[in-house]
There are 2 protein chains.
Amino acid sequence: MKPTIYDVAKEANVSIATVSKVINNTGRIGEKTKNRVLDIMKELEYQPSSLAVALTGKKTFTIGVLVPDIANPFFAEVARALENNARKSGYALILCSTDYQLERENDYLELLIKKQVDGLIIATEPKDLKQFKNLNNRKIPFVMFSFDHLALESNVVTTDDIRGGYLAGRYLWEKGHRNIAVITETQRASGHLRLEGFKQSFVDEGMDFSNTLVIQAKSKIEEAKEAAHQILKMEKLPTAVFATTDLIAAVFINEARKAKVSVPHDLSVIGFDNTIHAEMVEPGLTTIAQPITDLARYAIHQLMESIEKPDMPAHRMMLAPTLIERESVRDLNKKNSLT
Amino acid sequence: MKPTIYDVAKEANVSIATVSKVINNTGRIGEKTKNRVLDIMKELEYQPSSLAVALTGKKTFTIGVLVPDIANPFFAEVARALENNARKSGYALILCSTDYQLERENDYLELLIKKQVDGLIIATEPKDLKQFKNLNNRKIPFVMFSFDHLALESNVVTTDDIRGGYLAGRYLWEKGHRNIAVITETQRASGHLRLEGFKQSFVDEGMDFSNTLVIQAKSKIEEAKEAAHQILKMEKLPTAVFATTDLIAAVFINEARKAKVSVPHDLSVIGFDNTIHAEMVEPGLTTIAQPITDLARYAIHQLMESIEKPDMPAHRMMLAPTLIERESVRDLNKKNSLT
DNA sequence: AAGTTTTGGTTAAGCGCTTAACTATTAATT
DNA sequence: AATTAATAGTTAAGCGCTTAACCAAAACTT
């Protein structure tokens, strides 16, 4: 059987309180006893049960992570970054993919509450606000990751999507593109924000954006292909396409090649997220990078803070995205140049 | 404060034992009281603390998942599939990326033991067997996922990698390929097994495999590129390349295109894993699919079994991979055909 | 030498639940 | 009507830990 604090205490001829104190380095314990207890703990391979520890009014050192789908590379990378940061503070992550389904969202939320997680990172947009407000009532701290919702009283750590869109737009403008098509992802609000910023960058240059083709698609291969076809079969092709996720952009590049449209020679493409797709596709995808590492670090940091100090006011931080230049956008100002 | 069983009991004018019984549907409780208690539980939004439940000698309903890196699409998909299955039984997953590092492996194992997980799914090859044998001693059930290790007494659920390699080899042979290069992944033993099977398929046809070029590379973009270059700069190109992971294969395809080598016209490529890379690359990658869904289902099932019946003998199951035909392999028997 | 601190512990209650053992009703049996 | 059996619930111990409150012995005071 797993040894308990009693086993250690008996072996060391002390009370369990003493053992507890050496474990936590609290109270006053003599050097000799301390070392004896320590030795015995090692010998018995004793590990305090975090269940019992948690039950005694302390923390569970567990945080719940709600993502739409961990199989999506973006969220997989997010999970990894969160994990790295949580680990440093001794926290474990319980992973939950909601799959954009209300039922799963509720089930998982209930599960996590039962498990007494110390806090949550929520990277999936709520289907049902009620459950999330419940978190507020129960004083369970959480931070919204990469999305925002004014109805929820909590920390927010997100990429500045509007700015990201703006960056993409300005870059395309600078490279001389005026005739553009956009494919926006529909499942997350960020898709709209990115479009918003993108549009703004053109409006700022005095361009009329109103008759720009905007297609909606989920960030799934099939829908992305369809959206790509819609664009590729136009009588007059745009000179550039802005896709609000890398997956959509990468699929577009592949479909373009199949349609004998060369990227970036005939058509430029810019994406968003800087996931592995951007690196894997050929030509490499110029894209707007979300600062995943920083997002994760701040998110965990904020969460830890509000776990420690429950009535800390909720911050909203928007981290700046950056443009990653690869080979998928052509500079129309340089004649005959391929890049 | 979070309501406890005492709050419910007081409100319902019964003892906590009664409440406990209606929660768990054990013992004999009258209809009226039962409903009253149920109502009050709902009203108070009472959720039993799984900590306390677990401490009372029952299960934690948590399982630990050890993967090398959740940001790797293959493991992300695995995690997702595991999650789906675990969820059905009310289990939560604690996610741990070992990053192939001994230290992280040990830290996480310790963490999981402290947390009293009911069992583990281990999808990362042990750096240090000692820690894993410890699991055996502590009677913590685990199943080895997609790798095998004879020193460890436990359930194994894995893809039949040898057979997968064989499948790939036979397919290439049937398509008329005789001059082949292989890029094998080095971080996981499965890479060698896949090569083994691949080789065997050629040997079975009476071909001498000994002077076939075999390059080693980690399943990382940079190393894959380098391996690709090694092959692409050969004076006489092989007719086909077998890469033991899709990532390596996809990178190869992209590098080939840059080198003006057309896949599959000039050179065929076959991969392994059937991850999202296989779908995203252009042309679509013909590859050996690991039966992730089935693997996950069996793994969770086996784990549940050995949680319920601790002295069940350990099974080793090897699930059959299947060949997924896309467009990256050319049939050399059909003259002038591109596929 | 008697009083005061300091040191190094111990005792016991409590965290939120489960469960074996028990008890008090009510119903069934003859 | 007396005995047995079933029903509906209660009591209390225990899971493995933390922590406030307490205490005995050793070490300083003056």
Side-chain angles (χ1 to χ4, degrees), chain A residues 1-38 40-41 44-62 90 111 113-118 138-140, chain B residues 1-38 40-41 44-62 90 111 113-118 138-140:
Chain A
M1 260 329 293
K2 194 172 184 294
T4 74
I5 198 172
Y6 288 93
D7 300 323
V8 178
K10 186 187 296 173
E11 197 75 10
N13 264 311
V14 292
S15 72
I16 58 164
T18 305
V19 177
S20 174
K21 280 173 184 158
V22 351
I23 293 172
N24 302 294
N25 231 316
T26 54
R28 8 172 108 285
I29 305 292
E31 274 302 308
K32 273 169 293 181
T33 354
K34 188 169 178 173
N35 287 326
R36 183 155 37 94
V37 171
L38 248 20
I40 291 179
M41 281 171 47
L44 264 46
E45 292 186 317
Y46 166 75
Q47 297 278 22
S49 151
S50 28
L51 290 180
V53 173
L55 193 57
T56 324
K58 312 241 297 190
K59 295 180 296 174
T60 56
F61 283 97
T62 309
L111 184 82
I113 289 177
K114 267 200 212 146
K115 285 230 180 298
Q116 322 260 78
V117 293
D118 293 333
R138 292 186 180 241
K139 308 270 183 227
I140 301 177
Chain B
M1 261 328 292
K2 194 171 183 294
T4 74
I5 199 172
Y6 288 94
D7 300 323
V8 177
K10 187 188 294 174
E11 196 76 10
N13 264 310
V14 292
S15 72
I16 59 164
T18 304
V19 177
S20 174
K21 279 174 185 160
V22 351
I23 294 171
N24 301 294
N25 231 317
T26 54
R28 8 174 110 285
I29 305 293
E31 274 301 309
K32 272 169 294 183
T33 353
K34 188 169 179 175
N35 287 325
R36 183 154 39 95
V37 171
L38 248 20
I40 291 179
M41 280 171 48
L44 264 47
E45 291 186 319
Y46 167 73
Q47 297 278 23
S49 151
S50 29
L51 290 181
V53 173
L55 194 57
T56 323
K58 312 241 298 189
K59 296 180 295 175
T60 56
F61 284 96
T62 309
L111 184 81
I113 289 177
K114 268 199 213 150
K115 285 231 181 299
Q116 323 257 81
V117 293
D118 293 333
R138 292 186 180 240
K139 307 273 182 224
I140 301 177

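Chain identifiers are assigned alphabetically (A, B, ...) following the order of the sequence lines, protein sequences preceding nucleic acid strands; residue numbering begins at 1 within each chain.
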Looking across every strand, which nucleic acid part, if any, lies under 4.0 Å from [X] by heavy atom: base, sugar-phosphate, or nothing?
X: A:Val19; result: nothing
X: B:Leu55; result: base
X: A:Thr26; result: nothing
X: B:Leu51; result: nothing
X: B:Thr18; result: base
X: A:Ser49; result: sugar-phosphate
X: B:Lys21; result: base

| query | Does B:Thr62 use its side chain to pair, donor to acceptor, with the backbone of B:Thr60 at less than 3.5 Å? | reply | yes
Between atom [atom1] of [X] and atom [atom2] of [Y], what is the distance when rounded to the nearest 0.5 Å?
X: A:Ile113; Y: B:Ser49; atom1: CD1; atom2: OG; answer: 12.5 Å
X: B:Ile16; Y: B:Lys21; atom1: CD1; atom2: NZ; answer: 11.0 Å
X: A:Ile29; Y: A:Thr26; atom1: CD1; atom2: OG1; answer: 7.5 Å
X: B:Lys114; Y: A:Leu51; atom1: NZ; atom2: CG; answer: 12.5 Å

| query | If you pin B:Tyr46 and A:Arg36 to their nearest nucleotides in DNA chain C, which one's is more 5'? | reply |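 Nearer the 5' end of the strand: A:Arg36.
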| message | On DNA chain D, does the nearest nucleotide to B:Asn13 precede the nearest nucleotide to A:Ile23 from the 5' side, or the other way round? Give the residue. | response |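 The residue closer to the strand's 5' end, by nearest nucleotide, is B:Asn13.
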For [X] and [Y], which heavy atoms make the closest approach, and how far apart are they?
X: A:Val117; Y: A:Ile140; answer: O-CG2, 4.3 Å
X: A:Leu44; Y: A:Pro3; answer: O-CG, 3.5 Å
X: A:Asp118; Y: A:Phe61; answer: OD2-N, 2.7 Å

| request: Determine to 10° how strongly the helix from C:dA1-D:dT30 to C:dT30-D:dA1 is bent, judged from the axes of its five-pair ends. | output: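 Terminal axis comparison yields 40°.
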| message | Nearest whole Å is fine: how far is C:dT23 P from B:Arg28 CZ? | response | 17 Å
| task | Whole angstrom is fine here: how far is it from NZ in A:Lys34 over to P in C:dT7? | result |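 Answer to the nearest Å: 14 Å.
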| message | Need two values: the first and the last nucleotide of DNA chain D, 5' to 3', having an atom under 4.0 Å from any heavy-atom of chain B. | response | D:dT7 to D:dG16
What pairs of donor and acceptor atoms, side-chain ones from residues 30-37 of chain B against any protein atom, are under 3.5 angstrom apart with sequence neighbours left out?
residue, atom, partner, partner atom, Å
B:Lys34, NZ, B:Asn25, OD1, 3.4
B:Asn35, ND2, B:Glu31, O, 3.3
B:Arg36, NH1, B:Ala12, O, 2.3

